[in-house]
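Okay, structure first, notes after.
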Amino acid sequence: MRKSIETENGLQCGGRFLHLSQPQVMGVLNVTPDSFSDGGRFVAPDRALQQAALMVEQGAALVDVGGESTRPGAAPVSEQEELDRVIPVVEALTARLDVIVSVDTSNPVVMAEAEAAGAGLINDVRALRRPGALEFAAGSRLPLCLMHMQGEPGTMQSDPRYRDVVTDVGDFLQSRMDAALAARVGRRRLLLDPGFGFGKSLQHNLTLLKHLDRLRDLGCPLLVGMSRKSMIGAILNKPVAERLHGSVAAALLAATAGASIIRVHDVGPTVDALKMWQAVQAAS
Ligand code: PT1
């Protein structure tokens, strides 16, 4: 009887199981010299390990390692540079920490090397649109996050337009799910993400957050990332370093809308807030 496996709400992430009956926190670990909020601080593998260990201690179920900055205006990175940044960190984290290591990449070579190094999830902001990415997915058993982005990081914030942002993002995610299914990637391996801040105005982001529950109808768990982003900065009129409380509020709103994984920089405060949220959810 495989029933218990199939009805268990969660994802098999390589050797570790991620429970999704309550929202989980994914800690951001940028190993880029030019990240928007912590540029260059965690590039050396020992610094990365130290930061990841802190996030695990604070309750992160996943750590998302990224070697390509995809914030607005960011420049592309070469494959070798991305491999050199990401793979040693994935190896160090999987060897030393009890956590699921997610890798934020669109490059199928990086995906494959990351899986071999012990990664448990692939987080692709380009939703497997790069040549070879669907083929990687078909040959792998890892869960994959498919994110919506309009345009490319270098130019995506110059006048983004939608007919209806929630419908358009939903249609895009459905089409990428269909592409994955056609490539024989099981629906049960997929996570979906509306891509807050990726080719979206403030109003687009707010409308997406308000109607996030509609994307649950696509039938896959939702992953969201709003932590410290300019949508919060624009509302608060505050710089990146002063967006913690706005970010925690956004995390709770996402949890209420049904998000399963919340990608954040500030793991401890977000975990505390979600514990309060969870306690109220569980009340009669
Ligand atoms: C995200 C995400 C990500 N965000 C997933 N992966 C980033 N699955 C990187 C700004 O407006 O939301 N989901 N990987 C970071 N990207 C941005 C985008 C950072 C916009 C900052 C902004 O400030």
Side-chain angles (χ1 to χ4, degrees), residues 11-18 26-57 60-71 74-147 149 152-153 185 189 191 193 223 225 261 263-265 267:
L11 285 171
Q12 192 61 47
C13 297
R16 291 187 167 86
F17 191 78
L18 176 66
M26 169 186 270
V28 177
L29 186 62
N30 287 310
V31 291
T32 55
D34 59 345
S35 154
F36 81 105
S37 67
D38 46 23
R41 285 175 58 210
F42 310 118
V43 177
D46 57 325
R47 283 289 290 119
L49 178 65
Q50 192 181 14
Q51 173 66 8
L54 182 64
M55 294 195 289
V56 173
E57 198 178 304
L62 308 106
V63 171
D64 190 39
V65 179
E68 180 202 5
S69 177
T70 52
R71 79 183 194 290
V77 63
S78 78
E79 178 174 296
Q80 194 56 51
E81 180 69 41
E82 197 182 347
L83 286 167
D84 291 346
R85 290 175 185 172
V86 167
I87 302 305
V89 173
V90 175
E91 284 171 346
L93 267 52
T94 54
R96 316 265 288 267
L97 300 177
D98 183 18
V99 73
I100 295 164
V101 177
S102 158
V103 175
D104 190 340
T105 187
S106 299
N107 182 318
V109 174
V110 177
M111 293 176 187
E113 297 270 321
E115 180 170 26
L121 189 149
I122 301 297
N123 171 26
D124 183 2
V125 300
R126 295 181 184 81
L128 307 177
R129 283 181 289 168
R130 284 255 177 96
L134 279 169
E135 290 78 3
F136 161 81
S140 159
R141 297 176 70 167
L142 296 183
L144 306 141
C145 178
L146 308 180
M147 197 196 78
M149 165 162 54
E152 274 288 318
V185 176
R189 284 170 55 204
L191 292 148
D193 184 335
L223 188 160
I261 302 179
R263 182 182 182 279
V264 303
H265 300 85
V267 171

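None of these values were measured; they are calculated from a predicted model.
- Gln51 meets the side chain to side chain contact (heavy atoms under 4.5 Å, CB included) test with Leu29, Phe42, Leu54, Met55; sequence neighbours excluded.
- Applying the side chain to side chain contact (heavy atoms under 4.5 Å, CB included) criterion to Val99, with sequence neighbours excluded, gives Val56, Val63, Leu97, Val101.
- Among residue pairs with one or both ends in residues 117-139, those qualifying as salt bridge (charged side-chain N to carboxylate O under 4.0 Å, His left out) are Glu68-Arg126, Arg126-Glu152; sequence neighbours excluded.
- Across all non-hydrogen atoms, the minimal contact from Met111 to Ala133 is CE-CB, 4.2 Å.
- Side chain of Asn30 to main chain of Thr32: no donor-acceptor pair is present (N/O by atom type, distance under 3.5 Å, no hydrogens or angles).
- Rounding to the nearest 0.5 Å places CG of Leu144 at 5.5 Å from CG of Leu128.
- Contact record, Ala138 with Val185: N-CG2, 3.8 Å, taken as the closest heavy-atom pair.
- Residue Leu142 comes nearest to Gly14 through the heavy atom pair CD2-N, 3.7 Å, listed as atom of the first residue, atom of the second, then distance.
- Taking both residues in full, the closest heavy atoms of Asp193 and Cys145 are given as CB-SG, 3.7 Å, listed atom of the first, atom of the second, then distance.
- Each side chain to side chain donor-acceptor pair (under 3.5 Å) pair with one or both residues in residues 91-102, not counting sequence neighbours, appears once here: Arg16-Asp98, Asp64-Ser102.
- In this structure, the side chain to side chain contact (heavy atoms under 4.5 Å, CB included) partners of Glu81, at least two apart in sequence or on a different chain, are Val77, Ser78, Arg85.
- Note that CG of Leu11 and CD1 of Ile261 are 6.5 Å apart. Values are rounded to the nearest 0.5 Å.
- Gly120 and Pro143 make their closest contact through O-CD, 3.3 Å (heavy atoms, listed as atom of the first residue, atom of the second, distance).
- The distance from atom CD of Gln80 to atom CD of Glu82, rounded to the nearest 0.5 Å, is 10.5 Å.
- Of the listed residues (Thr70, Val125, Asp104), just one forms a side chain to side chain contact (heavy atoms under 4.5 Å, CB included) with Met147, and that residue is Val125.
- Ile122 CD1 to Leu191 CG: the interatomic distance, rounded to the nearest 0.5 Å, is 12.0 Å.
- For Gln12, the side chain to side chain contact (heavy atoms under 4.5 Å, CB included) partners are Phe17, not counting sequence neighbours.
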Next item on the list: Give the C-alpha distance, both sets of side-chain angles, the deciding distance and a yes or no for side chain to side chain contact (heavy atoms under 4.5 Å, CB included) between Leu18 and Leu62.
Entry: CA-CA 9 Å; Leu18 176 66; Leu62 308 106; 4.0 Å; yes
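- Side-chain contact check for Val103 versus Leu121: every heavy-atom pair is 4.5 Å or farther apart.
- What you find for Gly67 and Val31 is that their closest heavy atoms are CA-CG2, 4.0 Å.
- Atom CZ of residue Arg141 and atom SG of residue Cys13 lie 13.0 Å apart, to the nearest 0.5 angstrom.
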